[in-house]
Amino acid sequence: MVADQLEAALINRGLAKPKRLEIHNLVTSTNQLAKQYLLNASVMPDVIIANQQSAGYGRLKRKFYSPQQTGIYMSLLLPDIPLNEEATLLTPLSAVAVVRAIRAVCQIETQIKWVNDIYYEGQKVVGILAESIPHHGIVIGIGIDFKDDGQLSQLVEKAGVLLPNTSPITRNQLISQILLEFDRLLPTYRQKEFMAEYREVSLLITKKIVIRLNEEKTLTGYVQDITNNGELVIQTVGQRLQIIRAGEVEHVLSW
C-alpha cells in the first residue's frame with residue numbers, strides 16, 4: 001500500500017483560506033470530540049481529522065468501522081450556523097461536496113443514497129452524519145472507505161472502497177478537495193441551488209424502495225423526486241404521492 005500520512009500543511013495547500021486543522025492518530029470519534037469542543041471551548045479547530053476511530057458511528061448510532069491508515073474520518077465544526085429548519089440542508093450539501101471532490105480527485109462517479117450515504121458501483125463508500133447542539137452549533141462528520149485494509153468487505157456488509165491500494169492518490173488530496181468544495185457551497189446553502197446537483201446524482205430517483213418511517217411503519221413506492229428541502233417524493237402502490245421528510249431507506253428493490 002502506498003504510504004499515506006495525514007499532514008495539515010498538505011491539506012491546507014489546496015485551500016484559498018487555510019483551516020485550523022487538528023489531526024489525531026486515534027480518537028474514539030471525531031464527532032464526539034468536535035461536540036466536546038462546541039460545548040466547552042472558546043477556541044476550537046475548524047476540522048478534526050483522525051487516522052483511526054475506536055468508536056466511530058453513523059445514523060442511529062450504528063458502528064462505523066474505522067481502521068487506521070486506509071480511511072478518512074473527519075468532522076467539520078460549525079459554531080456560527082443557526083439551528084433552524086434550513087440547517088437540515090447541511091447533510092445533502094455535504095454529500096454534494098464529497099461527490100464533487102471524489103470526481104475531481106479520484107476521477108470516478110458516485111451516487112447519493114438519500115439522505116446521507118454515498119455509493120460507488122453499488123457499494124457504500126461514504127457516510128455523513130450531521131449533529132446539532134442547541135445554542136452551540138453543528139458538527140458534520142464524514143467517514144470514507146478510501147482504500148481497503150483487507151478486512152472491510154468481510155466485516156461490513158455492502159461496504160466498498162474508492163480506490164485500489166496501489167493508487168498514488170492520498171487522503172490529504174481528497175480531504176483538501178472536500179473542504180474546498182464545502183466552502184464553495186456553504187455561503188449560498190439557503191438558496192438551495194445545490195439541490196439540483198443532489199438530484200442529478202441521486203441513487204434513488206425512479207427506483208422502487210422500502211423506507212422505514214418509524215418502528216412500526218414502512219412505506220413501499222417509487223421515488224419520483226427529491227424536493228429542494230431534501231424530502232423524498234414517493235408514489236405508493238396505490239398511486240398516492242407522499243412527501244417523506246425523515247426515514248431510513250431499508251431496501252432498494254430496483255437498481
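In what follows, every heavy atom counts, from backbone to side chain, and hydrogens, waters and symmetry copies are set aside.
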Checklist entry - Does the pair N116 and T91 meet the rule for a side chain to side chain donor-acceptor pair (under 3.5 Å), with working shown? => result CA-CA 6 Å; N116 64 329; T91 298; over 6 Å; no
Item to check | CA sep, side-chain torsions, deciding dist, call: Y120, E109, side chain to side chain donor-acceptor pair (under 3.5 Å) | outcome: CA-CA 7 Å; Y120 174 53; E109 295 293 332; over 6 Å; no
Checklist entry - Can you list the steps and then say if R20 with N12 is a side chain to side chain donor-acceptor pair (under 3.5 Å)? => result CA-CA 9 Å; R20 296 187 300 267; N12 270 325; over 6 Å; no
Next on the checklist: Pair V126, D117 - check side chain to side chain contact (heavy atoms under 4.5 Å, CB included), show working.
Outcome noted: CA-CA 6 Å; V126 182; D117 293 334; over 6 Å; no
Checklist entry - Hey, mind stepping through Q32 and Q36 against side chain to side chain donor-acceptor pair (under 3.5 Å) and telling me if it holds? => result CA-CA 6 Å; Q32 288 287 17; Q36 291 172 18; 5.3 Å; no
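Linking ILVMFWY residues whenever their side-chain heavy atoms come closer than 4.5 Å, directly or via other members, places V115 and I112 in the same cluster. Connection of W114 to L219 is established within a shared hydrophobic cluster, with ILVMFWY side chains joined at heavy-atom distances below 4.5 Å, either directly or through further cluster members. In the hydrophobic clustering of ILVMFWY residues, with side-chain heavy atoms under 4.5 Å counting as a link, L83 and Y189 come out together.
No side-chain heavy atom of I108 sits less than 4.5 Å from a side-chain heavy atom of R103.
Note on K192 versus E86: no salt bridge recorded, every NZ/NE/NH1/NH2 to OD/OE distance being 4.0 Å or above. Comment: E248 engages R62 in a salt bridge, judged by a side-chain N to carboxylate O separation of less than 4.0 angstrom.
Annotation: the span from T88 atom OG1 to E231 atom CD amounts to 8.5 Å, rounded to 0.5 Å.
Side chains of R245 and N229: no donor on one and acceptor on the other come within 3.5 Å.
Without hydrogens or angle criteria, R212 side chain to V249 main chain gives no donor-acceptor distance under 3.5 Å.
No option in I128, V47, I81 other than I128 meets the side-chain contact (heavy atoms from CB on, under 4.5 Å) test with I140.
Atom NZ of K19 has more than 12 neighbouring heavy atoms from other residues, nucleotides or ligands inside a 6.0 Å radius. The local environment of CD in E85 is sparse, with at most 12 non-hydrogen atoms from other residues, nucleotides or ligands closer than 6.0 Å.
Listed by chain and residue number, nothing satisfies the side-chain hydrogen bond (donor to acceptor under 3.5 Å, both in side chains) test with Q111 (two or more places apart in sequence, or in another chain).
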